[in-house]
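Take a look at the structure below.
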Amino acid sequence: MSMKDVKMSTKAVWAGEKNQLAFGATQVPVVHSVSFGYDDMDEWYEVAIGNKEGHIYGRNTNPTVDAFEEKIRILEGAEAATSFSTGMAAISNTLGTLLFPGDRMVSIKDTYGGTNKIFTEFLPKQKIEAVLCDTGDHEAIEKEVAKGCKVLYLESPTNPTVKITDIERMAKVGKKAGAIVIVDNTFATPINQNPLELGADLVIHSATKFLGGHADALGGSVCGSKKLVESIYHYREINGATLDPMSAYLLLRGMKTLQLRMEKQSENAMAVARYLKSVDTVESVFYPGLADHPGHDIAKKQMNGFGSMLSFSVKGGVDTLRHLLPKLKYVNRAAHLGSVETIVGPSRTTSHVECTPEERAAMGIPEGLIRYSAGLEDKDDLIHDLEQAFQSLPESLFINK
């Protein structure tokens, strides 16, 4: 039975590993060797120029890293995949490969803060125009793409406001304009969403988040056609943002439980989102699994489950955050997401810490917004924890406000 014929949970466990096993081991080894030697000069040459499989130097390829790349390739149903030292390395190397001075690209305003900085700060220095449209305004995106577009870059669900973009619709628009359509699939993971099946050309992951799932390894990946991925790999091998073997091993280990984790964390996120809707102190709850979420119908169409990420804004803004977050017992207050533990933090110190308050406001991110990454704890315990934290808030926070 081929990997195409098995379910995602089986792929998560088995994909990409058998070819890298050695010495009868049942787990992929961590190959720390920087270089790989050859006695036969002709064989060495054939490997070096890519005519024969093998490894030459760790900045280029590595057996443990190969296993990680093959696993994410199979999970995303792609022709090829390559890897990076971080998720931002995956994004910046991909854009660096595809965009040149004079090019024009289109994206949305609600991308991750680091991605947004590339669009607003770094690309203009290279004489590359980055047009950012209101997230969810599909007509505006279509108009801008039709004016000319080398790259259409999407993120869905977005970080941190979990807005939804119709990937299939946008992919058709991008293809018609001759654009390369890229989707950051970090929040959804291949378990909840497969952008390549929806028409995207490339799918990006910060593997540091849900793929690894244990907050102990940095990494990134890009999946897509062989031609595009090979060009991005070449850019990365020269610029050097290589995934190290130990991180690749930790990511591989984490990915074995990806299906199980996403199912449980999505269940927890839905329960927490529904609870938050009942809390007077909460102004807004953003979760695509809620029927009143503006992108709910699109998410239901293109996703298999709604993921573990949600966000909510509170009355009293930053003052309320200062009291509320320290009271939570079963969370990590940290600039991270996608781990087995629940993680919370305001966007002003996590996803968009690089941005000014004015820039966050322009992106529709309130200073009192809390990003909530639901973990694997019991959902009742998470809700009770939130309840006691809200009950601890002093009434003086809301007087005359």
Side-chain angles (χ1 to χ4, degrees), residues 1-40 43-44 46-48 50-87 89-90 189-191 205-223 226 229 233 236-237 241-264 338-340 376:
M1 182 181 290
S2 72
M3 276 292 158
K4 289 183 179 179
D5 301 320
V6 299
K7 304 296 185 182
M8 289 294 279
S9 55
T10 306
K11 291 178 181 178
V13 173
W14 290 101
E17 302 206 4
K18 282 195 172 182
N19 289 343
Q20 303 300 342
L21 299 179
F23 310 111
T26 61
Q27 304 301 312
V28 174
V30 184
V31 181
H32 283 297
S33 182
V34 167
S35 59
F36 301 83
Y38 294 86
D39 294 329
D40 187 301
E43 180 187 13
W44 186 0
E46 290 298 304
V47 173
N51 286 343
K52 184 176 181 180
E53 288 189 8
H55 305 279
I56 297 294
Y57 189 63
R59 174 165 51 80
N60 307 89
T61 63
N62 170 279
T64 315
V65 173
D66 274 3
F68 164 74
E69 293 174 346
E70 183 66 359
K71 189 181 287 289
I72 189 60
R73 181 194 74 78
I74 291 172
L75 287 173
E76 283 291 6
E79 284 185 354
T82 191
S83 60
F84 304 86
S85 53
T86 65
T189 81
I191 303 302
H205 288 278
S206 173
T208 312
K209 311 305 191 301
F210 290 102
L211 297 188
H214 291 77
D216 56 6
L218 294 167
S221 69
V222 172
C223 305
K226 190 171 187 291
V229 170
Y233 160 75
R236 191 270 292 163
E237 72 167 334
T242 306
L243 178 64
D244 76 90
M246 191 64 211
S247 292
Y249 169 79
L250 292 170
L251 295 172
L252 275 169
R253 185 174 66 174
M255 289 168 72
K256 289 177 185 288
T257 59
L258 182 60
Q259 171 88 38
L260 286 171
R261 287 188 284 109
M262 291 309 296
E263 287 178 357
K264 173 62 175 174
S339 187
V340 294
L376 293 178

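Heads up: numbering here begins at 1 and tracks the sequence.
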query = Is Lys11 close enough and on-axis enough to Trp14, meaning under 6.0 Å and within 45°, for cation-pi?
reply = no

note = Heavy-atom nearest pair, Leu21 first then Pro29, reads CA-CD, 4.5 Å

query = Under the 3.5 angstrom rule, does the side chain of Thr257 hit a backbone N or O of Leu260 as a donor-acceptor pair?
reply = no

query = Going by atom types alone, do Lys209 and Ser206 pair a side-chain donor with an acceptor below 3.5 Å?
reply = yes

query = Do you know the tightest heavy-atom contact between Leu243 and Ala248?
reply = CD2-CB, 3.8 Å

query = Does Gln20 use its side chain to pair, donor to acceptor, with the backbone of Val28 at less than 3.5 Å?
reply = no

key: Pairing residues for Ser247 by the side-chain hydrogen bond (donor to acceptor under 3.5 Å, both in side chains) criterion, not counting sequence neighbours   = Asp244

ask   = Going by distance alone, is a donor N or O of one side chain under 3.5 Å from an acceptor N or O of the other, for His205 and Ser221?
value = no

ask   = Are Phe68 and Leu252 close enough that some pair of their side-chain heavy atoms sits under 4.5 Å apart?
value = yes

ask   = Relative to each other, are the rings of Tyr38 and Trp44 parallel, tilted or perpendicular (30° and 60° limits)?
value = parallel

key: Heavy-atom donor-acceptor pair, Asp66 side chain to Thr61 backbone, under 3.5 Å   = no

query = Below 4.5 Å, heavy atoms only, C-beta onward: do His214 and Val340 meet side chain to side chain?
reply = yes

inquiry  = Please evaluate residues Glu43 and Lys52 with respect to the criterion salt bridge (Lys or Arg N to Asp or Glu O under 4.0 Å), reporting the C-alpha separation (whole Å), side-chain torsions for both, the decisive distance (0.1 Å), and the verdict.
reply    = CA-CA 8 Å; Glu43 180 187 13; Lys52 184 176 181 180; 3.1 Å; yes

ask   = Excluding sequence neighbours, so at least two apart, what forms salt bridge (charged side-chain N to carboxylate O under 4.0 Å, His left out) with Lys256?
value = Glu17

query = Under 3.5 Å, side chain of Gln259 to main-chain N/O of Met8, donor-acceptor pair present?
reply = no

task = State the CD-CG distance between Glu53 and Asn51, to the nearest 0.5 angstrom.
result = 12.0 Å

query = Do you know the tightest heavy-atom contact between Val47 and His55?
reply = CG1-N, 3.8 Å

task = Verify, without hydrogens or angle tests, whether Arg73 (side chain) and Ala78 (backbone) share a donor-acceptor contact under 3.5 angstrom.
result = yes

task = Give, for atom CE of Met255 and atom CG of Leu211, the distance between the pair rounded to the nearest 0.5 Å.
result = 5.0 Å

message = Let me confirm one number: the CG-CD distance from Leu258 to Glu263, rounded to the nearest 0.5 Å.
response = 10.0 Å

task = Please report the shortest heavy-atom distance between Ile72 and Ala81, naming the atom on each side.
result = CG2-CB, 4.1 Å

task = Any chance you could measure Ser339, atom OG, to Leu376, atom CG, to the nearest 0.5 Å?
result = 8.0 Å

inquiry  = With rounding to the nearest 0.5 angstrom, report the CG to CE distance, Leu75 to Met3.
reply    = 9.0 Å

Whether Arg236 side chain and Ser83 backbone form a donor-acceptor pair below 3.5 Å = yes

query = Taking atom OH of Tyr57 and atom OG1 of Thr242, what is their separation to the nearest 0.5 Å?
reply = 9.0 Å

key: From CA spacing to verdict: side-chain contact (heavy atoms from CB on, under 4.5 Å), Tyr233, Asn60   = CA-CA 9 Å; Tyr233 160 75; Asn60 307 89; 3.4 Å; yes

task = Identify the heavy atoms of Pro63 and Phe36 that sit nearest to each other, and give their distance.
result = CD-CZ, 3.7 Å

task = Over all heavy atoms of both residues, which pair between Ala15 and Lys71 is shortest? Give the atoms and the distance, please.
result = O-NZ, 3.0 Å

key: Main-chain N/O of Ala241 paired to Arg59 side chain as donor or acceptor, under 3.5 Å   = no

request  = Check whether any side-chain heavy atom of Asp216 lies under 4.5 Å from a side-chain heavy atom of Arg253, and answer yes or no.
outcome  = yes

Flag, side chain of Thr64 to backbone of Val31, donor-acceptor distance under 3.5 Å = yes

